[in-house]
Amino acid sequence: MMPRLRALCFFALFLPALYASAAEEQRKPLSMEERVARLERLTEGQSEIVLRIEPMQRDLQRLQGELEEQGHGLGGLKQGQLNALRDFDRRLSEIEKRLAPPSSASAADSPAESADSGIESTIAPPPPGAPSSSPAKPAATPAAPAASAEEEAAYQQAFTLLKEAHYDKAVAAFRDYLKRYPNGANADKAQYWLGETYYVTRRFKESLQAFQTVLERYPGSAKRPDAALKIGFVHYETSAWNEARNALTDVVKNYPGTHAAKLADDRLQRMKKEGR
């Protein structure tokens, strides 16, 4: 017991001195060798950091390359949308140029006449039983029943939304009109402009269905040439080259002399140059 007590007393007396000696040792200036050793340790740590950074830099460069490729792809998509918008704007401009200020008499006689009265001449479908290769001949379309004021207002509201480029609202408005007035005086035009709204926003599947409905449901519509043309354009936009060529050729054959036939022929010539 006594030896242990003596040892404890010894350490108790000299422990402060040991701490003071260690602290003094730390405050001493480092020798050249010690400084070199410390620098070497720091250099080794930096080398390890560099080795970790290099793979991160490679990953960053790879991501930048992928972003550039995606940017080029988005640029092509934006260009396609721009072309569709230009085509759509041109067609609306032609409609507005062809409008004549309606007189009070004509307004009373034809209340269903609207701002999209058409680009082409009125074309009747082929007579029943005629060969499919026979082109349609210009003829007067039987007069549609006059639209009520409420129906006309609903149609004009949808068409105004389209002209003002409120495309989502225009889609909803045209669909609502067709639901409420499936056999209305403007139903064929509402169906056609619904397809145009889908087309200009590159919703090609819905656009194709809408234009096909014009041909299937409205045999006497003046919008048939335009709908047939846009079916060809939709196939072109979706790279369905054979379908596009067949649809555009049918437009030239079935609606000769119309503006739609001219546009169809122009697109066929373009496809030929492109090797489509």
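A quick note: this is a predicted structure, and the numbers were derived from the prediction, not measured.
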**OP:** Mind checking salt bridge (Lys or Arg N to Asp or Glu O under 4.0 Å) for E243 and listing every partner two or more places apart, or none if nothing turns up?
**Re:**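 Once residues adjacent in sequence are excluded, E243 has no partner under the salt bridge (Lys or Arg N to Asp or Glu O under 4.0 Å) criterion.
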
**OP:** Could you pull out all residues at least two apart from R217 that satisfy salt bridge (Lys or Arg N to Asp or Glu O under 4.0 Å)?
**Re:** none

Who passes side chain to side chain contact (heavy atoms under 4.5 Å, CB included) against [X], sequence neighbours left out?
X    : value
V171 : R175, L194, T197, Y198
K169 : L161, H166
A244 : H235, Y236, M271

Got a sec, which residues hit side-chain hydrogen bond (donor to acceptor under 3.5 Å, both in side chains) with [X], two or more places apart in sequence or on another chain?
X    : value
D265 : none
N242 : R245
E150 : R180

Subject >> Backbone of N186 reached by a side-chain donor or acceptor of Y177 within 3.5 Å >> reply: yes

Original post:
Under 3.5 Å, side chain of E151 to main-chain N/O of A185, donor-acceptor pair present?
Top reply: yes

Which atoms form the tightest heavy-atom contact between [X] and [Y], and what is the distance?
X    : Y    : value
G195 : S207 : O-OG, 3.1 Å
G232 : A247 : CA-CB, 3.7 Å
A187 : P182 : CB-O, 3.6 Å
A260 : V251 : O-CG1, 3.7 Å
Y192 : A227 : CE1-N, 3.7 Å

Subject >> Ion pair D266/K262, N-O distance below 4.0 Å >> reply: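 A salt bridge links D266 with K262.
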
Which value, rounded to the nearest 0.5 Å, describes the distance between [X] atom [atom1] and [Y] atom [atom2]?
X    : Y    : atom1 : atom2 : result
E206 : T201 : CD    : OG1   : 8.0 Å
E152 : F159 : CD    : CZ    : 11.5 Å
K253 : N246 : NZ    : CG    : 9.5 Å
D188 : L178 : CG    : CG    : 9.5 Å
L229 : R224 : CG    : CZ    : 14.0 Å
T249 : N254 : OG1   : CG    : 10.5 Å

**OP:** State which residues pass ring-ring contact (aromatic ring centres under 6.0 Å, His included) with Y218; sequence neighbours excluded, sorted by chain then number.
**Re:** none

Subject >> Set of ring-ring contact (aromatic ring centres under 6.0 Å, His included) partners for F174, sequence neighbours left out >> reply: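 Counting only residues at least two positions away or on another chain, F174 forms no ring-ring contact (aromatic ring centres under 6.0 Å, His included).
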
Original post:
Taking the six-membered ring of F233, is NZ or CZ of R267 closer than 6.0 Å to its centre and within 45° of its axis?
Top reply: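 Yes; both conditions hold, so R267 lies above the ring face of F233.
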
